[in-house]
Amino acid sequence: MKKEDMIVRDNREIAQDIYEMVLEGNLVGEVEHPGEFLHINTSRHSVPLLRRPISICSTDKQKSQLTILYRAEGQGTRLLSTYRTNETVDVLGPLGNGFPVGDVSPGETVLLVGGGIGVPPLYDLATVLRRKGATVITVLGFSNKNVVFYENHFQKLGDVYVSTIDGSFGYDGFVTDVIDQKKLSFDRLFACGPVPMLRALEDKYPNVKGSLSLEERMGCGIGVCLACVCHTQNDPDGSDYRKVCSDGPVFPWGEVVL
Amino acid sequence: MKKEDMIVRDNREIAQDIYEMVLEGNLVGEVEHPGEFLHINTSRHSVPLLRRPISICSTDKQKSQLTILYRAEGQGTRLLSTYRTNETVDVLGPLGNGFPVGDVSPGETVLLVGGGIGVPPLYDLATVLRRKGATVITVLGFSNKNVVFYENHFQKLGDVYVSTIDGSFGYDGFVTDVIDQKKLSFDRLFACGPVPMLRALEDKYPNVKGSLSLEERMGCGIGVCLACVCHTQNDPDGSDYRKVCSDGPVFPWGEVVL
Amino acid sequence: MSRVNIDLPGLSMKNPIMPASGCFGFGEEIGKLYDLNELGAIALKATTPQPRYGNETPRVAETASGMLNAIGLQNPGLEKVITEQLSRFDTIETPLLANIAGTTMEDYEKVAEALSKTGKIGALELNISCPNVKEGGIAFGTDPQLAAELTKRVKAVSNIPVYVKLSPNVTDITVIAKAVERAGADGLSLINTLSGMKIDRNTSKPLLANSVGGLSGPAIKPIAIRMIHEVRHQTELPIIGMGGVSTLDDILDFIIAGADAVAVGTANFTNPFVCLELSQALEQSLERQQINHLYDIRPKEVHLR
Amino acid sequence: MSRVNIDLPGLSMKNPIMPASGCFGFGEEIGKLYDLNELGAIALKATTPQPRYGNETPRVAETASGMLNAIGLQNPGLEKVITEQLSRFDTIETPLLANIAGTTMEDYEKVAEALSKTGKIGALELNISCPNVKEGGIAFGTDPQLAAELTKRVKAVSNIPVYVKLSPNVTDITVIAKAVERAGADGLSLINTLSGMKIDRNTSKPLLANSVGGLSGPAIKPIAIRMIHEVRHQTELPIIGMGGVSTLDDILDFIIAGADAVAVGTANFTNPFVCLELSQALEQSLERQQINHLYDIRPKEVHLR
Ligand SMILES: Cc1cc2nc3c(=O)[nH]c(=O)nc-3n(C[C@H](O)[C@H](O)[C@H](O)COP(=O)(O)OP(=O)(O)OC[C@H]3O[C@@H](n4cnc5c(N)ncnc54)[C@H](O)[C@@H]3O)c2cc1C
Ligand SMILES: Cc1cc2nc3c(=O)[nH]c(=O)nc-3n(C[C@H](O)[C@H](O)[C@H](O)COP(=O)(O)OP(=O)(O)OC[C@H]3O[C@@H](n4cnc5c(N)ncnc54)[C@H](O)[C@@H]3O)c2cc1C
Ligand SMILES: Cc1cc2nc3c(=O)[nH]c(=O)nc-3n(C[C@H](O)[C@H](O)[C@H](O)COP(=O)(O)O)c2cc1C
Ligand SMILES: Cc1cc2nc3c(=O)[nH]c(=O)nc-3n(C[C@H](O)[C@H](O)[C@H](O)COP(=O)(O)O)c2cc1C
Ligand code: FES
Ligand code: FES
């Protein structure tokens, strides 16, 4: 983990309010697993005060560069969208555990399910899985066609199905509808996206092998402040917990309460 | 008075930590007297919260442009120094009364005395006085040679004497030392600079015709909050006051308590 | 009935927005910038029986997302307020909330009686919470019994509604709120500034001439919201909420937390047009969202009144 | 004797900087980032007799130059703190300040006695001011008599110095400070967080699951400075000052206002290296200015101790 002023190499809007940012710095050398995240200080002053957790979408270790995708929505992410090439941004990372790609064997079929701004970490994951010889099927859900992104990127790595809630692009409905309709079968499932999506997937496939990546409001991002805890599923007295930032953000299927 | 997002046309360091900024906007059309000031919001968020009062140094009504000079020192002025050409900055102004150039007759000799970052408004003043046919003598005091600015500009308008406190440039000592040494004589005196300088001038020339421009910490800049008051000199019960922002910042010689 | 008009005791407001006391003077300067009829109401600068010069300068200091002020209740005094300031509003329909301060109960009574008799004031606001003057009513603001007695006495001499402006510098603001409610207050204003200090490291002394000043601005908003929420659940009185409001979102937050109207203070210094802009933005926003009335954005529990 | 070392009861500190309780856990994570021996002291997360899960999430919310937290005293409980957390410090010389919380006086006594017996703790810090737990000692923090009684009882069972951590959510913090001083406290910590609330406009409800949270960060610094200044002039006890510290200038302001040591809370979340960086920057700055000892920057009046 490093705290580094990374250099912005690119920062552009690739879909409505969705930005792709390329950052360069030594920190890239420490990235190990897809699904790790950065904790980004979007200001040089105290507004906004807290860092923003953003997943690493892909890395290029040769160039010491990594790419993140984010939705410019609230105060911090909107500020992030104003950074220009060659400015620096204060980044803490890489943080979190990432997806357990070590468990995947060559030849396995892995289903990746991403919802909205949960899609980015799956791209790095898909790349690594392909390199390992796994077959990757990706199902991406967005709210409407204006916010669809990276469909083409994923297509280079395997079959891709895109759905939108309003039907304005790809299949009409939720990711689970697409999986049903296409009768997709798989050996393992990795998912990242809004909690209702994750919950629908867990309800549908209670016993699948796989992991999901969670979001929670964070303070420190490194396990110190206990802002980001969640309950575990088999915990009769409700005292057990996981920290999303340092025990997660990726948890084994069925481990934490959604 | 307008509140306007003015366009930055230039913003460059002209001496150590001293910046010259050119701003363009309709507000320029409302500038009337040398010595008026702008109240500048240096941030788009709440840090720093308050505007910064900065004098208008010169105006070009044809181009709807004006120039300010400021020292990048604290939080707000340092932020101001980061603005780039074509960005906009939130400005309230013009504010304040300005120097009473209407009182000056052609042929009068006017002594302008400026100290440090009190120099800027005198430049516009000198220009207007010259246009009126007055003879302008300028004495500028700075702390050292690295922070001397606009000497050449003033030279085009009349005799200029520069002193530095450490003697590293021009005459050695305070502005009052130069006036003594050079035995400068004049019909009227306009001054702007640190309070000790103004006080020294008032002590030296208690009965001169003239005005001085004051600084005080401000809230609103428009006379509402009563942050910027000062006492008046002939006020036995101490209840009389002037607001620097709206009654001033320029006051007749001997009117307010320094 | 518009989407934004509201009716509070003595203040029939075309929208819920008013400048906060001390942040608008007596309307002279800002009245030149826009038509004061656009405002829901106007809270005037504190009036004391006698003229006051206030504290020495520096009177303001900046802090992170906030400012400290120690103006010290500078005002021209009761007589001049009546003769020189109130006539400005003769052609303006916006109701006035006259803020009153003093050192003794008699001070408050005197000003309240005289102002209410002018017929030009919609309601009175008792500033029992100014932290910047040693004798500035601060004890009235922190002691429930004194606050109640003052309220009762002012009510007795006033023929218009009386709001009490509460101090946040207390252990439990609901105790004071309930005390003044029982004593007959018609409404509450909260919060006044929090007592704070800034050090001037050049001198190793407090920066403000008065040492201590009142903290206002966005920094105090979470405290204001919490206190309004608490008080809302403990009294039935209308609440004029304030503390750090500068955006439309802030206005909505205050209404949701339980304020019936919202006052804007410090933000007037950064943007003298802010109250006008917020009034317009609020109405437009409700229209866009087809919300019939502002209060419909509140959760059910808050509909106490 | 370095320029920055200071000696407080139970805490012999190589510099005046320590992480504030709850903002450093039990040193596990940040101990991996730098050598904890560089710190003046370490305030540990609050320990309660039994393990606590704390509040549901969301537990944090952002405000202008501040944050609200409602962690709810999550901690592994006294037993595990002793068996699993304290051994981490066996090779570290930095003195520990163990923060204690509870619901009853007995809770505090139990934890204080057990922790002081371990021989690994330099001093205890009674958290009588956590605003995030209904039973979390908040009454102790606002009632001078209860605060004094608690202090007395904890002193009786502890063989190490006891600091009392004061709540800012009171009308007069000096009353509590003097009460615990008379009751035998060895030092004071101030300030804890201010009680605040943020509205989630998507739901029209408080954003934090616990509704109310504690406000910390730069927003509260002027309030902290004011309270430290007040308390400094009313008691002789050493003061650990905190509230919004994140820069070297902040440290100096706190020392000038009357703090004897300075704790850094929220800033650790933005920059986990901040305590290390501040320790180094402070020593360098004094050296550059040839100031022999930190306390020399204080004005004379503050030299009460
Ligand atoms: C491990 C992890 C990985 C993430 N990866 C991405 C990503 O790759 N791209 C992306 O666009 N977003 C990602 N998010 C969500 C992203 O962190 C939030 O959208 C962002 O913090 C919102 O900040 P804001 O300034 O837009 O909103 P504001 O409303 O200003 O945020 C206010 C506060 O709430 C927090 N917050 C608000 N929404 C969320 C959320 N959904 N999750 C966590 N904290 C939140 C903010 O961090 C901040 O502290 C990730 C979240 C987590 C936890
Ligand atoms: C009428 C007027 C005209 C001025 N003209 C100029 C000018 O042309 N060029 C220039 O460089 N400076 C000028 N000043 C001074 C300038 O306003 C301050 O230097 C500036 O506000 C300091 O802000 P900061 O962000 O650097 O400092 P900070 O320390 O961040 O300021 C903190 C607060 O103190 C106030 N403050 C600090 N110093 C002063 C001061 N000397 N006067 C008033 N307020 C102060 C700031 O406005 C702010 O509210 C003028 C001041 C006044 C009153
Ligand atoms: C410069 C200034 C002067 C004030 N004067 C008064 C006053 O005279 N009477 C009063 O009741 N409140 C006064 N206040 C408090 C405000 O009315 C308001 O309660 C407080 O500032 C919080 O709101 P804000 O954060 O929007 O400024 C004053 C505040 C400021 C900043
Ligand atoms: C997330 C968080 C957890 C905290 N936990 C504790 C605690 O367990 N015990 C305690 O006495 N104070 C606790 N505090 C209060 C801090 O120790 C400190 O008093 C306060 O945050 C003000 O300092 P700051 O502005 O530097 O954060 C906590 C603060 C935060 C932000
Ligand atoms: S964000 Fe601080 S513990 Fe996870
Ligand atoms: S700055 Fe507000 S009255 Fe002058």
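We name chains A, B, ... by the order of the sequence lines, and we start the count at 1 in each one. Below, each value reflects all heavy atoms present in this structure, side chains not excepted, and no hydrogens, waters or symmetry copies. Here the structure is a predicted model, which is why all the values come from computation and not from measurement.
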- Query: Which class fits the ring pair Tyr295(D) and His293(D): parallel under 30°, tilted 30 to 60°, perpendicular over 60°?
  - Reply: perpendicular

- No-hydrogen, no-angle side-chain donor-acceptor test under 3.5 Å, Glu277(C) and Asn271(C): yes

- Message: If I measure from the heavy atoms of chain D, does Asp200(C) come under 4.5 Å with its side chain, its backbone, both, or neither?
- Response: neither

- Between Asn210(D) and Ala70(D), is there a donor-acceptor pair closer than 3.5 Å when you use the side chain of the first and the backbone of the second? no

- Item | Exam field: side chain Arg3(D) to backbone Ile291(D), donor-acceptor pair closer than 3.5 Å | yes

- For Leu252(C), is it the side chain, the backbone, both, or neither that has a heavy atom closer than 4.5 Å to a heavy atom of chain D? both

- Between Pro168(C) and chain D, which part of the residue has a heavy atom less than 4.5 Å away: side chain, backbone, both or neither? neither

- Item | Segment of Ile223(D) engaging chain C (4.5 angstrom heavy-atom cut-off) | both

